[in-house]
Trainee: 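Please find one structure pasted underneath; my questions will follow.
Fair warning: this is a prediction, and the values are worked out from it, not measured in the lab. All values below were derived from every heavy atom in this structure, side-chain atoms included, with hydrogens, water molecules and symmetry-related copies excluded.
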Amino acid sequence: MVDITRRQTLFGLATGVSGLGGYWALGGDWVSGDDGAPSGDDAEADTITVGSPWTPDSLDPVVNGWLWRRISVLEPLLTVEYDATVAPGLATDWRRVDDVTWEFDLREGVTFHDGTDLTATTALPSLRRAFESSSMASVPVESVEAADDRTVVIRTDAPFSPLPAHCTRGTTCLVSPAAIADDGSVSEPIGTGPFQFERWRRGSSITATATPDYHGASPRVETLVYEGITDDQTRRLKLENDELDMARILPNETAESLESRANLTAHTYEIPRARFLVFDVDSSPFSDRRVRSAVMHAVDRDAIVANILSGLGSAAVGPFPSNITDWAVDDLEPYEYNPERARSLLSEAGWKQDGETRTRDGESLSVSIWTYNTRPKLPTIAQVIQRQLQEVGFDVDVTLMESATIREQAKSGSFDAVLWSSSVLWYPDPDRLSDFVHSEATTMFSGFENETVDRLLEEARRTSDRDERFERYAEVQRIVHREVPIGWLTYYTNVVGTRADIDGYRPHPTESCYHLENVTRQR
């Protein structure tokens, strides 16, 4: 198992075999030995261990900045407040100077973990490589410059109001210039956060320690250990066996059992993530809006929440949960569960009920729903949808595939429907809708093209007035709700289990940061 240790990289060791404080390196791969950490009760009191599904497979913020941000090792220019709005981060203030120019005032008294002062000049390498990366391709940044020692200037090649929200993304987290090699790669996450990188086992764990003289409130524990544990039952068992202090994203059905144990606590909270159906609007039968609407009336979303999701979560109406963000539209009429309405719509579309499966012009109403199993509930939900659609005359096949395979096949050819799951607000701006329904910018694959939707999304990007932006995004939500290229099914509720003696944890609705610096163990 590869283990890269911060102490060695700071001393500039590279290859060969060298001893240093109980660590040794072989062929450039760092392996941990005795690191001199405290042991016994003191070590337990000063260490928080967190388990999550996401495996730490890269040290580079352009690749995995969202994870390093979540565990408070790296920090971006701007952060996300608990009401899902943009808030100060390493920049204390920001302003739009003209249509394409933004200025960000950097926080004073901040140093990177290697002692380098945060200035506009030392921030530039990170920001430039972030906006040049493929993951930020939709953000039209033309240049990143230093106006003076404390001011970063970002210019876009077109008016772009969502820029501050994109500056909260993990990709844009800052690392010391010394962490960026001549070839542009990052070999170590030397950030500015309340915890600093200590060592890393690829795909397994991260160890970080409290940052001395952190520019904000100091962490309440000395050591943070993050474990990537993909299996949710393993995370639960490790929590119950006191091998973890916190286990994240547990199955919904575990919430009640966690609460019943005196030594454990369950935290449940809704997040801006949704399960939804993506329809292929370019091929039969879902090229007909009436058939798509029939599906939405045939699916009992409340029953899915009650029976599959253990009553946690809620039936979705549009893309955004209204209790998390005020970008949600409150005048969308839900697609009520109404099998008779579904049957009527299918009949209007020419699909006749002659037997169990409807037909039209000799063609049967046979469809396939593709989904994947890295989100454990999706296959079960797909089977429920299969039965409910069969009741109104569909013949439904459910196919499990790798998510990457689904993306590749759906983009390159026809399909029927995909049951998918995704964050709808992983940066705090409704510009995220472009990823779902803009005909050219979409990362979905429905084939939906609507000139009015495209125009409204593009206007909203250029418009600085918040109310005017809201009206455009609201109209997009109404059109998409009516046309149904995407059928929103349920919103997510996360279950996080902690030991009962863990104090100070406050779940963040967008999970941009776990804020583990605020967590401690009661003594």
Side-chain angles (χ1 to χ4, degrees), residues 48 50 52 54 65-94 104 107 161-173 191-195 214-221 224 226 245-250 255 265-274 312-314 316 318-330 422-432 466 469-470 473 491-498 502-520:
I48 294 292
V50 178
S52 179
W54 322 119
W66 56 272
L67 177 55
W68 295 101
R69 171 63 185 130
R70 285 180 177 181
I71 62 173
S72 299
V73 170
L74 301 182
E75 296 177 308
L77 280 181
L78 302 175
T79 59
V80 185
E81 190 51 84
Y82 276 81
D83 63 358
T85 59
V86 181
L90 291 177
T92 57
D93 196 12
W94 62 98
F104 298 81
R107 189 177 300 276
S161 292
L163 181 65
H166 285 277
C167 288
T168 70
R169 293 169 58 175
T171 305
T172 67
C173 283
T192 60
F195 289 102
Y214 175 61
H215 62 83
S218 297
R220 301 174 68 189
V221 294
L224 165 65
Y226 171 90
D245 297 303
M246 176 184 294
R248 304 193 61 81
I249 314 183
L250 295 175
T265 300
H267 304 265
T268 59
Y269 57 102
E270 195 164 76
I271 62 173
R273 186 180 187 94
L312 297 178
S314 58
F320 303 127
S322 60
N323 62 329
I324 293 178
T325 175
D326 54 9
W327 290 108
V329 179
D330 59 9
S422 184
S423 170
V424 295
L425 211 64
W426 55 273
Y427 53 88
D429 193 277
D431 183 53
R432 174 73 167 128
R466 198 269 183 200
R469 295 189 75 218
F470 176 82
Y473 288 123
Y491 301 125
Y492 268 75
T493 287
N494 265 1
V495 177
V496 174
T498 65
I502 293 300
D503 181 53
Y505 174 60
R506 181 186 177 193
H508 193 285
T510 71
E511 298 198 306
S512 60
C513 186
Y514 299 154
H515 289 297
L516 299 173
E517 66 273 14
N518 299 326
V519 174
T520 190

Trainee: Can you tell me how far the OG1 atom of T325 sits from the CG atom of D83, to the nearest 0.5 Å?
Mentor: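 One finds 8.5 Å between OG1 of T325 and CG of D83.
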Trainee: Are V519 and V221 side-chain neighbours, meaning at least one heavy-atom pair lies under 4.5 Å?
Mentor: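 Not touching, per the 4.5 Å side-chain cut-off.
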Trainee: For this output row, return yes or no: ring centroids of Y82 and H508 closer than 6.0 angstrom.
Mentor: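 Yes, they do, as the ring centres are separated by less than 6.0 Å.
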Trainee: Can you tell me how far apart CD1 (I324) and CD1 (I271) are? Round to the nearest 0.5 Å.
Mentor: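 Going from CD1 on I324 over to CD1 on I271, the span is 7.5 Å.
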Trainee: Nearest heavy-atom pair of I71 and F195: which atoms, and what distance?
Mentor: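 Closest heavy-atom pair between I71 and F195: O-CD1, 3.8 Å.
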Trainee: Return the set of residues passing ring-ring contact (aromatic ring centres under 6.0 Å, His included) with Y492 (not counting sequence neighbours), or none when no residue passes.
Mentor: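 Checked Y492 against ring-ring contact (aromatic ring centres under 6.0 Å, His included); zero matches.
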Trainee: Would you please test T85 and V80 for side chain to side chain contact (heavy atoms under 4.5 Å, CB included) and show each step?
Mentor: CA-CA 6 Å; T85 59; V80 185; over 6 Å; no
Trainee: Are W54 and I249 close enough that some pair of their side-chain heavy atoms sits under 4.5 Å apart?
Mentor: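 Side chain of W54 against side chain of I249, heavy atoms only: contact under 4.5 Å found.
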Trainee: Before you tell me yes or no, could you show the steps for R107 and D93 under salt bridge (Lys or Arg N to Asp or Glu O under 4.0 Å), namely the whole-Å CA-CA distance, both residues' side-chain angles and the distance that decides it to 0.1 Å?
Mentor: CA-CA 9 Å; R107 189 177 300 276; D93 196 12; over 6 Å; no
Trainee: Please find the pair of heavy atoms, one from Y473 and one from D429, that lie closest to each other, and give the distance.
Mentor: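 So the minimum-distance heavy-atom pair works out to OH-OD1, 3.9 Å.
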Trainee: When you measure from the side chain of R432 to the backbone of S423, do you find a donor-acceptor pair of N or O atoms at a distance under 3.5 Å?
Mentor: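 Yes: the side chain of R432 pairs with the backbone of S423.
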Trainee: State which residues pass salt bridge (charged side-chain N to carboxylate O under 4.0 Å, His left out) with R248; sequence neighbours excluded, sorted by chain then number.
Mentor: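 Applying salt bridge (charged side-chain N to carboxylate O under 4.0 Å, His left out) to R248 gives E511.
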Trainee: Atom CG of L516 and atom CD1 of I48: how far apart are they, to the nearest 0.5 Å?
Mentor: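 The CG atom of L516 sits 8.0 Å away from the CD1 atom of I48.
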Trainee: Working note: F104 + C167, criterion side chain to side chain contact (heavy atoms under 4.5 Å, CB included); need CA distance, chi angles, decisive distance, verdict.
Mentor: CA-CA 10 Å; F104 298 81; C167 288; 4.0 Å; yes
Trainee: State, to 0.1 Å, how close F320 and A328 come at their nearest heavy-atom pair, and which atoms those are.
Mentor: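 Heavy atoms of F320 and A328 come nearest at O-CB, 3.5 Å.
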Trainee: Do S52 and Y226 make a side-chain contact, defined as non-hydrogen atoms from C-beta onward lying under 4.5 Å apart?
Mentor: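 Answer yes - side chains close enough.
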Trainee: If you compare all heavy atoms of L224 against all heavy atoms of V50, which two are closest, and at what distance to 0.1 Å?
Mentor: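 Distance-wise, the nearest heavy atoms are CD1-CG2, 4.1 Å.
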Trainee: Can you find a heavy atom in the side chain of R220 that is under 4.5 Å from one in the side chain of D503?
Mentor: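 Yes, at least one pair of side-chain atoms sits under 4.5 Å.
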Trainee: Using the ring-ring contact (aromatic ring centres under 6.0 Å, His included) criterion, which residues pair with H267? Sequence neighbours excluded.
Mentor: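 With sequence neighbours excluded, H267 shows a ring-ring contact (aromatic ring centres under 6.0 Å, His included) to Y505, given in chain and number order.
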Trainee: Nearest 0.5 Å please: distance from the OG1 atom of T268 over to the CG atom of L250.
Mentor: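 The OG1 atom of T268 sits 11.5 Å away from the CG atom of L250.
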Trainee: Calculate, to the nearest 0.5 Å, the distance between atoms OG1 and CZ belonging to T493 and R273 respectively.
Mentor: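 So the OG1 of T493 and the CZ of R273 are separated by 13.0 Å.
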Trainee: Report the C-alpha distance between W94 and V86 in whole Å, list the side-chain angles of each, state the deciding distance to 0.1 Å, and finish with yes or no for side chain to side chain contact (heavy atoms under 4.5 Å, CB included).
Mentor: CA-CA 11 Å; W94 62 98; V86 181; 3.8 Å; yes
Trainee: Given side chains that start at C-beta, do those of T168 and T79 come closer than 4.5 Å, heavy atoms only?
Mentor: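 No - every pair of side-chain heavy atoms lies 4.5 Å or more apart.
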Trainee: Where is the tightest heavy-atom contact between R69 and S512, given as atom of each residue plus distance?
Mentor: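 Residues R69 and S512, closest heavy atoms: CG-O, 3.3 Å.
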Trainee: Check whether any side-chain heavy atom of Y491 lies under 4.5 Å from a side-chain heavy atom of V424, and answer yes or no.
Mentor: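 Y491 does not reach V424 side chain to side chain.
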Trainee: Is there a side-chain contact between S72 and E517 in this structure, where contact means two heavy atoms from C-beta onward sitting under 4.5 Å apart?
Mentor: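 Side chain of S72 against side chain of E517, heavy atoms only: contact under 4.5 Å found.
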Trainee: Is any side-chain heavy atom of R469 closer than 4.5 Å to a side-chain heavy atom of P162?
Mentor: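 Yes. Closest side-chain heavy atoms under 4.5 Å.
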Trainee: To the nearest 0.5 angstrom, please state how far the OG1 atom of T192 sits from the CG atom of L74.
Mentor: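 The OG1 atom of T192 sits 7.5 Å away from the CG atom of L74.
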Trainee: What heavy-atom pair brings P194 and P219 nearest, and what distance separates the two atoms?
Mentor: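 Smallest interatomic distance, heavy atoms only, reads O-CG, 3.0 Å.
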Trainee: How far apart are the C-alpha atoms of E270 and L312, what are their side-chain angles, what is the distance that settles it, and do they pass the side chain to side chain contact (heavy atoms under 4.5 Å, CB included) test?
Mentor: CA-CA 8 Å; E270 195 164 76; L312 297 178; over 6 Å; no
